[in-house]
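What follows is a set of notes on a single structure, which appears directly below.
Reminder, nothing fancy here: chain letters follow the sequence lines and each chain counts from 1. Because only heavy atoms are used, hydrogens play no part in the values below, and waters and symmetry mates are left out as well, while side chains stay in.
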Amino acid sequence: MDIFNLIQSNLLTPIILFFLFGIIAARIKSDLKIPEAISEFLPIYLLAAIGLHGGIEMRKTGFEEMLIPMLVAIGLSLLFTLNHYQILKRLGKFNIFDSYALASTYGAVGAVTFSVGLSFLKNQGVTSEGYLAAILAVLEPVAFIMAIFLTNMAVSKQIRSKKQSFSKDDASDIDIGMKETKTKLSQVLQESITGKAIVILLGSIVIGYIIGEEGFEPISIVFDELFTGAIVIFMIEMGIIAGQRLEDIKKVGMFLTAFAIIMPTFNGIIGVLVSTALGLSLGGAVMFGLLLASASFIAAPAVLRHAIPQANPSLYITSALGITFPYNIIVLLPIMFTVSTLVHGEEAIDLFNYVTKVFI
Amino acid sequence: MDIFNLIQSNLLTPIILFFLFGIIAARIKSDLKIPEAISEFLPIYLLAAIGLHGGIEMRKTGFEEMLIPMLVAIGLSLLFTLNHYQILKRLGKFNIFDSYALASTYGAVGAVTFSVGLSFLKNQGVTSEGYLAAILAVLEPVAFIMAIFLTNMAVSKQIRSKKQSFSKDDASDIDIGMKETKTKLSQVLQESITGKAIVILLGSIVIGYIIGEEGFEPISIVFDELFTGAIVIFMIEMGIIAGQRLEDIKKVGMFLTAFAIIMPTFNGIIGVLVSTALGLSLGGAVMFGLLLASASFIAAPAVLRHAIPQANPSLYITSALGITFPYNIIVLLPIMFTVSTLVHGEEAIDLFNYVTKVFI
Amino acid sequence: MDIFNLIQSNLLTPIILFFLFGIIAARIKSDLKIPEAISEFLPIYLLAAIGLHGGIEMRKTGFEEMLIPMLVAIGLSLLFTLNHYQILKRLGKFNIFDSYALASTYGAVGAVTFSVGLSFLKNQGVTSEGYLAAILAVLEPVAFIMAIFLTNMAVSKQIRSKKQSFSKDDASDIDIGMKETKTKLSQVLQESITGKAIVILLGSIVIGYIIGEEGFEPISIVFDELFTGAIVIFMIEMGIIAGQRLEDIKKVGMFLTAFAIIMPTFNGIIGVLVSTALGLSLGGAVMFGLLLASASFIAAPAVLRHAIPQANPSLYITSALGITFPYNIIVLLPIMFTVSTLVHGEEAIDLFNYVTKVFI
Amino acid sequence: MKLYNVKLLTITCEILAQKNIIDILKNHNITGYTSYEVDGNGEKGLRGQGIQAEKNVKVEIIMREEKLSDVIEDISRTLFPDFTIILYVSDVGVVRTEKF
Amino acid sequence: MKLYNVKLLTITCEILAQKNIIDILKNHNITGYTSYEVDGNGEKGLRGQGIQAEKNVKVEIIMREEKLSDVIEDISRTLFPDFTIILYVSDVGVVRTEKF
Amino acid sequence: MKLYNVKLLTITCEILAQKNIIDILKNHNITGYTSYEVDGNGEKGLRGQGIQAEKNVKVEIIMREEKLSDVIEDISRTLFPDFTIILYVSDVGVVRTEKF
Ligand SMILES: Nc1ncnc2c1ncn2[C@@H]1O[C@H](COP(=O)(O)O)[C@@H](O)[C@H]1O
Ligand SMILES: Nc1ncnc2c1ncn2[C@@H]1O[C@H](COP(=O)(O)O)[C@@H](O)[C@H]1O
Ligand SMILES: Nc1ncnc2c1ncn2[C@@H]1O[C@H](COP(=O)(O)O)[C@@H](O)[C@H]1O
Ligand code: NA
Ligand code: NA
Ligand code: NA
């Protein structure tokens, strides 16, 4: 079958192989590691490269056509986050803090996953819309902000109901709770937006837009030609970290393990279909799906540890990095590519019917 | 007007844009930063690339013709340092330590500025004399050594006059003062010459000279083709550091701010004119001017903190990095390019008249 | 003479020149250094590049023909290690610990030396068998394991004889000694095999084998074209470290200094001749010789410090890095190349006679 | 040289708690501190490798005895439940008390 | 806030001895420690530059007084002869003794 | 295990003053020290980010009580006016006094 061929040929690319190699290196307890300075620098470099590329493409195509896909992506991301929460809280019996933390980790996006996706498409000889980099930037904080808002709401509510059972007249305390929530939210909002990932991504998009193809030329060797090699190096480290966490997966439990595979698949395929319906190209639909399928594992701990300190970071880091990330880049990417190829073979109008038939 | 077009087109190159981006990232308090190992390595890499390139060029042209420009550069650098001192001490009312420290910071040269200058010329499709890299190396310590010598002289003199007012017969103490000065000077001299910037620069010039174009071929991708991309990455960090210092500019005061802009302009244009008179090419004259215009902000603190510890490092770092550096690469570089284009349009003999007319 | 021309032209390549430059920089006490993160990353990168290249070549040629050369290499390595030990213990009067540590340092291989060898061949326009990378990986731990085994045997024997002079009936203590030896051996074996050098090398060979020429294409700029430039940067650091150790050479003594030059020459030339007899190509024979000639100075301290803590690390690090490494890459490499050229000019059958005539 | 007795509070914690600690210090009008990244082992297992967020940091604060108890209490109350934190106090002598 | 007296053992050693030290600690049922790389100078000259293996590391262990003497004795006996090691002990106060 | 009382002098200063401190130690025949880079905050603001020259370093010296006072006095006199420096002294116990 086509999908299995694709998965297999994807599996045998340097990016995936070096990731698996990293996992093995960690499992056999090798002392191999990429020095911290390098593995801190690589995501910055990758995001700069993604941003520049996206900006240059957007200069060619204009950015009016970006608006609808971006709004839809934001909407879906919020919807999915709420959906995750319900599933985790009700079915998974996680406490409210872990539920919101996990819900937003999976609602948010993963920049490394995005890089791997771009390389995957390059390998398939397929391009994608430049403005997806901008959607990546915007989507980063969206899920976090909602989760944090809702967590704080929930906490305030708990406090309020507790208070009410004691006395009826200290609304002021609730006000204080509300105010604290606001402070925390604005803090998190600021931290998210000034977070290095978003800043370098947005900055590079703007600079790419300004300089265009021609201005990019003298730096294209660094920010274009070295791109795949740089991902390969980064994947060694990602593999090592994932490998070190494999033991923690037991602690994560069956439910979350299943969640970490099923949820991205669902979100990702919805993403492919919706974006195809919106008119995105074959490759664009795959990247759009990947945005929704991916979980955040670099930004998430930095944001959530401050915003929802009560949540157990081991849960969201391990499931996102140890399960979802490998699944996404090895298995789901080829699946979404196949789905996208399938739906891009038909007429746009038929597609919509097709979607409605299958999912509703 | 031509100059404004040039400034604008310079402003829109990746190097300048990423520098400005770094400033903004620092201002919005983003946690973006280039890991220390990378930002310590990049200047070494840049200097190695500059040196190799310079050495290869010098192999082609011989280095007899380097002598006069180098001596003139040294002479001008010393002259300018003295001039800076007078202005800072008399008009700026800075104390003797800050005056000498600032005077030599602006008398010395900036290797990063030089790198940006080379990229700027590349962008304009203009070349420059290879031996300018050698002048860069030689000019590094010159201004420091003089400033330190004069500072120590001044301190000894103060001590001596103080002593003389007490008693007449302890010339030995003065001798000790003089001896200390000598020790300090020889120490600083050694520290300057063995400083990493000079060592890698001189070493690379020699190696470039030995290997020539052909020997360079296997490493040209690293030391030539990656050059502009590497500057771009370094400029992000430079921007961040400059951005973090913007607040300190208030403490620097109006006088020093003006000095940090007017002085380089004056020095730089003199440099362009004099070097044109000496027969340097259009691009060479720009680089010669840039050498004189630039202030040292990487080497300066390392040397001056030991040599003139009484001086306030915040003054010389902030003005050199926060004001002069951006001004030089954004505004002054295009100005000097325009001036150089102008004077290179005329006959050499006419130029000399022109210079004398304008400045004397 | 041809050899001297070759040495001279080798001396004037960027790799060697930057190594010498590093030595000088260290001698004049410059503060130049390559940041640790970079100099820790570079060997990983170099080994990945070597491994990928080797794996791709092996895919082309199959790996049946690798078996004999590998077994011969292992045999020679063990033989040489024993030989080193006898020379060091008997002639050099080193104690048993230092003797075994030094013997295995010179029996083991140096990955950096191997990288320089590959660049040297590239410069000469000569290729080598891809499977040599695999021999490099296998040879890494062989000498260490034997030396450690023998050291522990010797220590147990000492303990046993000591015990026997006291009482006759505590064989249990000897058993404990034997058991400890086994534990230590299996520990060292595991540490060696999971050591980062071997892991990245073997992993990259396998990945190179899987992806082949075509899969390598998107990352060839990073893992092939940047290779020589990366070595150059690493050689600066190697030079600095070697330069810092020059003072220690005095402590190393005349005997060890001579050993550090004569032994590699002997081992290396034997290696060239034997591998030529086995049918390796001109370049392959040089690399085979280099494997046997090279001493380990990155892996050695990490392994030996735990395995034979009684040995003085200064001895084996200084002689391997400060004497043998420069000698190997500057002098011995051209010598072996000349020898290999010589013996590859004759018929294979004649060669064997030639070898027997010269050495027996 | 006369040495004055003050307290040195040392806090080893996960790096993401550093901000919280500095905020608490600020609430007690303490701005001076020294910090550096460290590795470590404890109940939460080996820390300091892999992703930035999972590292430990040590924060050292020289302060007068008066403030010590309040600061420790604040840290214990607000951070002990959710963060990986270890702290200890030692006696040190300083030359210039006006700095603290 | 009540502080309980415990001991802080600080060991500065060559980085390749760190594993041995941690093994010794484990033998005494001590798993908690904090470590970080340092430079230094001593009889063996300047350390901390150049190749990884030649660096120093500091290992800090908070422990109860009972175990201190045995741990130090073990380290002295097995590691002092072959490795570059310096160690010292100080008194510190902690809030939660159950952690150590 | 018998522990002997010695002093631990800890100096936190701007990295460019490290050389001066080591020179002063040498003048008092002290060559042993341990050092590492740190970040910090104080009157001069946040330090440790950006250019190398602007970083802090900690220098730790174990020494006998006899020398302590002179060393501190020398550092105070020659470096306090021009450099960012903080120092403190603590009591530690060591096994081998002959090392210091
Ligand atoms: N006994 C100890 N001595 C020194 N540091 C410790 C000790 N126990 C824990 N730590 C440090 O505190 C961190 C968190 O400890 P824990 O919460 O037990 O995982 C560890 O990663 C160590 O850096
Ligand atoms: N007096 C001292 N104070 C602090 N640290 C020291 C002292 N002496 C030695 N060290 C540290 O211990 C390491 C080994 O010392 P040594 O065995 O004397 O070479 C040095 O590199 C320093 O890091
Ligand atoms: N109270 C304190 N506790 C610990 N370290 C401090 C304290 N005050 C200052 N420092 C350190 O000393 C450096 C210089 O302090 P200052 O001169 O106040 O800027 C700071 O960057 C900190 O690393
Ligand atoms: Na998502
Ligand atoms: Na200048
Ligand atoms: Na060998």
Side-chain angles (χ1 to χ4, degrees), chain D residues 1-40 48 52 55-65 67-68 71 87-100, chain F residues 5-15 17-18 21 24 28 34-49 54-63 65-81 83-93:
Chain D
M1 200 108 209
K2 172 105 189 67
L3 292 176
Y4 301 89
N5 289 332
V6 294
K7 294 288 179 179
L8 171 65
L9 171 63
T10 304
I11 302 164
T12 308
C13 63
E14 58 176 303
I15 201 163
L16 290 177
Q18 181 173 5
K19 206 176 155 298
N20 307 49
I21 285 168
I22 289 165
D23 285 346
I24 291 175
L25 292 175
K26 231 177 255 164
N27 290 344
H28 292 86
N29 291 318
I30 298 172
T31 53
Y33 65 87
T34 297
S35 68
Y36 45 102
E37 293 180 4
V38 296
D39 295 343
Q52 169 79 16
K55 275 191 293 194
N56 285 350
V57 77
K58 255 174 92 177
V59 183
E60 297 171 346
I61 312 106
I62 305 169
M63 59 171 93
R64 297 173 183 233
E65 183 145 20
K67 293 187 174 176
L68 185 67
V71 169
L87 62 78
Y88 56 84
V89 177
S90 28
D91 294 305
V92 298
V94 297
V95 182
R96 303 179 283 187
T97 42
E98 67 281 8
K99 286 229 52 151
F100 309 101
Chain F
N5 290 333
V6 294
K7 294 288 179 179
L8 171 65
L9 171 63
T10 304
I11 303 164
T12 309
C13 63
E14 59 176 302
I15 202 163
Q18 181 174 4
I21 285 167
I24 291 176
H28 291 86
T34 296
S35 68
Y36 45 102
E37 292 179 5
V38 296
D39 296 343
N41 196 42
E43 284 160 28
K44 312 245 165 46
L46 214 59
R47 296 176 61 87
Q49 285 149 344
E54 291 280 276
K55 275 191 293 194
N56 284 350
V57 76
K58 254 174 92 176
V59 183
E60 296 171 346
I61 312 107
I62 304 169
M63 59 168 93
E65 183 146 19
E66 299 97 78
K67 292 186 175 177
L68 185 67
S69 197
D70 288 351
V71 170
I72 294 181
E73 218 155 76
D74 250 26
I75 292 176
S76 311
R77 209 191 53 241
T78 57
L79 302 183
F80 275 13
F83 291 99
T84 299
I85 293 191
I86 277 197
L87 62 77
Y88 57 85
V89 177
S90 28
D91 294 305
V92 298

For the interface with chain D, which of F:Leu9, F:Leu87, F:Asp91 has the highest count of heavy-atom pairs at distances below 4.5 Å?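 Maximum pair count with chain D is reached by F:Leu87.
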Minimum heavy-atom separation for F:Glu37 to D:Tyr36, with atom names?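 Reported closest heavy-atom pair: O-CB, 4.1 Å.
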Can you see which heavy atom on F:Phe80 is nearest to which on D:Arg96, and at what distance?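 Shortest heavy-atom separation between F:Phe80 and D:Arg96 comes out as CE2-NE, 3.2 Å.
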Are more than 12 heavy atoms from other residues, nucleotides or ligands located less than 6.0 Å from atom NZ of D:Lys19?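 Yes, NZ of D:Lys19 has more than 12 neighbouring heavy atoms, counting only those of other groups under 6.0 Å.
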Hey, is CD on D:Glu65 packed in by over 12 heavy atoms from elsewhere, all under 6.0 Å?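 Atom CD in D:Glu65 is not crowded, with 12 or fewer foreign heavy atoms closer than 6.0 Å.
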Sort F:Lys58 into side chain, backbone, both or neither according to what part of it lies under 4.5 angstrom from a heavy atom of chain D.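 For F:Lys58, side-chain heavy atoms alone lie under 4.5 Å from chain D.
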Using atom types as modelled and distance alone, determine if a side-chain donor or acceptor of F:Asn41 lies under 3.5 Å from a backbone N or O of D:Thr31.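 Checking the backbone N and O of D:Thr31 against the side chain of F:Asn41, a donor-acceptor pair under 3.5 Å is found.
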Rounded at 0.5 Å granularity, tell me how far OG1 in F:Thr12 sits from OH in D:Tyr33.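 Here the rounded value is 13.5 Å.
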Could you grab the distance from atom OH of F:Tyr88 to atom CG of D:Leu8, nearest 0.5 Å is fine?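 The OH atom of F:Tyr88 sits 4.5 Å away from the CG atom of D:Leu8.
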Consider side chain to side chain contact (heavy atoms under 4.5 Å, CB included). Of F:Ile72, F:Ile86, F:Ile75, which one does D:Val95 pass it with?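 Only one option passes, and that is F:Ile72.
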Can you say whether D:Ile22 sits under 4.5 Å from chain F via the side chain, the backbone, both, or neither, judging by heavy atoms?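 Neither the backbone nor the side chain of D:Ile22 comes within 4.5 Å of chain F.
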Identify which part of D:Phe100 has an atom lying under 4.5 Å from any heavy atom of chain F, answering side chain, backbone, both or neither.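 Only the side chain of D:Phe100 comes within 4.5 Å of chain F.
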Evaluate the side-chain proximity of D:Thr34 to F:Asp39: yes if any heavy-atom separation is below 4.5 Å, no if none is.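 The answer is no; the side chains never approach within 4.5 Å.
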